[in-house]
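Residue indices begin at 1 and follow the sequence shown. Whatever order the structure lists them in is the order used to number ligands and atoms, beginning at 1. Excluded from the calculations below are hydrogen atoms, water molecules and symmetry mates; all remaining heavy atoms, backbone and side chain alike, are included.
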Amino acid sequence: MKTLRVALLPQQMTWPSTGAAVVIDVLRATTVITQAIRSGAAEVVVCGEIDEAFAIAEHRDPRPLLCGERACKPIAGFDLGNSPSEYTPERVAGKRLVMTTTNGTRAAIAAAGFDPILAASFNNLSAVVDSLAGQCEVSILCAGTDGVETEEDILLAGAIIDRLLDHPNWRSESGPVAAGRETIGPLGPSEIAARTLWRQHLDTGRTLADRLAETLGGRNLIAAGYTADITTCAQIDVTDAVPTVTRRRPITFESSRGRPGLQVPAE
Ligand code: MLT
């Protein structure tokens, strides 16, 4: 039986770390990781604390780029902040990055026991869903903000659930649905709530950027002067890049291309 679960916050993940995990911090950590990999970064190492990021960078030659934010702002002594627009091929292609953010990188660390672990954003939505469709167990892990559930992450969780349930590979491998013997496990309240939130958004006909601007993460970014980032983070399917964890100590994302078991079309 296939299982599909969502934790609306990392601490809500009360089940074993088996199968695939997708980490979501739409505004902005997992969108930034997606953009970095899309732009050709060699790897993105994530860590929880600023001191840890400095320590990791210090022991590597050449020194990696230090990236991330606190209170949405760039960190003193770091090379890049947390705006996706900073992660251009000119800045990051071929480079190793070490990133720490307030919530997103911590959510990725919380997913350490799963295999594979992917980073999802609206920018790579279809590619992530294609990658997950062949998996038997999928856990979606929303970062939230400082322990509070955030609609921007739940919207993406809902979009992933909605598309995955309709994906031909997910359905065909989950048994003879047409014969009435459904072998996809039942959705729980969190999965249904996320899917409903996404469908309600679609029914409004409003732009995703407008919707994201109303969320907790969106309001925080607007207050900090990063309104333009919301538009970037709201772009759906602009890349096939799927950041995938290849090492766990510390958690390191690389491009999934060429990784067995994941079906990601070349960009
Ligand atoms: C986070 O990890 O909390 C976010 O990436 C915050 C931000 O985008 O500034």
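Contacts between D25 and ligand 1, counted as non-hydrogen atom pairs separated by less than 4.0 Å, involve the side chain only. When non-hydrogen atoms are compared, ligand 1 lies under 4.0 Å from the side chain of E69 (C-beta onward) but not from its backbone. For N82, every heavy-atom contact with ligand 1 shorter than 4.0 Å involves the side chain, none the backbone.
Shown here is R91, whose CZ atom has no more than 12 heavy atoms of other residues, nucleotides or ligands within 6.0 Å.
Judged by distance alone, the side chain of Q12 and the main-chain N or O of L8 form a donor-acceptor pair under 3.5 Å. Side chain of R248 to backbone of A112: a donor-acceptor contact under 3.5 angstrom is found.
Salt bridge annotation for R28-E69: absent, with no cationic side-chain nitrogen under 4.0 angstrom from a carboxylate oxygen. The pair E58-R63 does not meet the salt-bridge criterion, since no charged nitrogen lies less than 4.0 angstrom from a carboxylate oxygen. Taking a cutoff of 4.0 Å between a charged side-chain nitrogen and a carboxylate oxygen, R206 and E214 qualify as a salt bridge.
Considering only non-hydrogen atoms, atom 3 (O) of ligand 1 lies nearest to N103 out of T150, N220, N103, D146.
Close approach of ligand 1 to G104 (heavy-atom distance below 4.0 Å) involves ligand atoms 1 (C), 2 (O).
For L221, no nitrogen or oxygen atom sits less than 3.5 Å from a nitrogen or oxygen atom of ligand 1, counting backbone and side chain alike.
R28 NE, 2.7 Å is the protein heavy atom nearest to atom 8 (O) of ligand 1.
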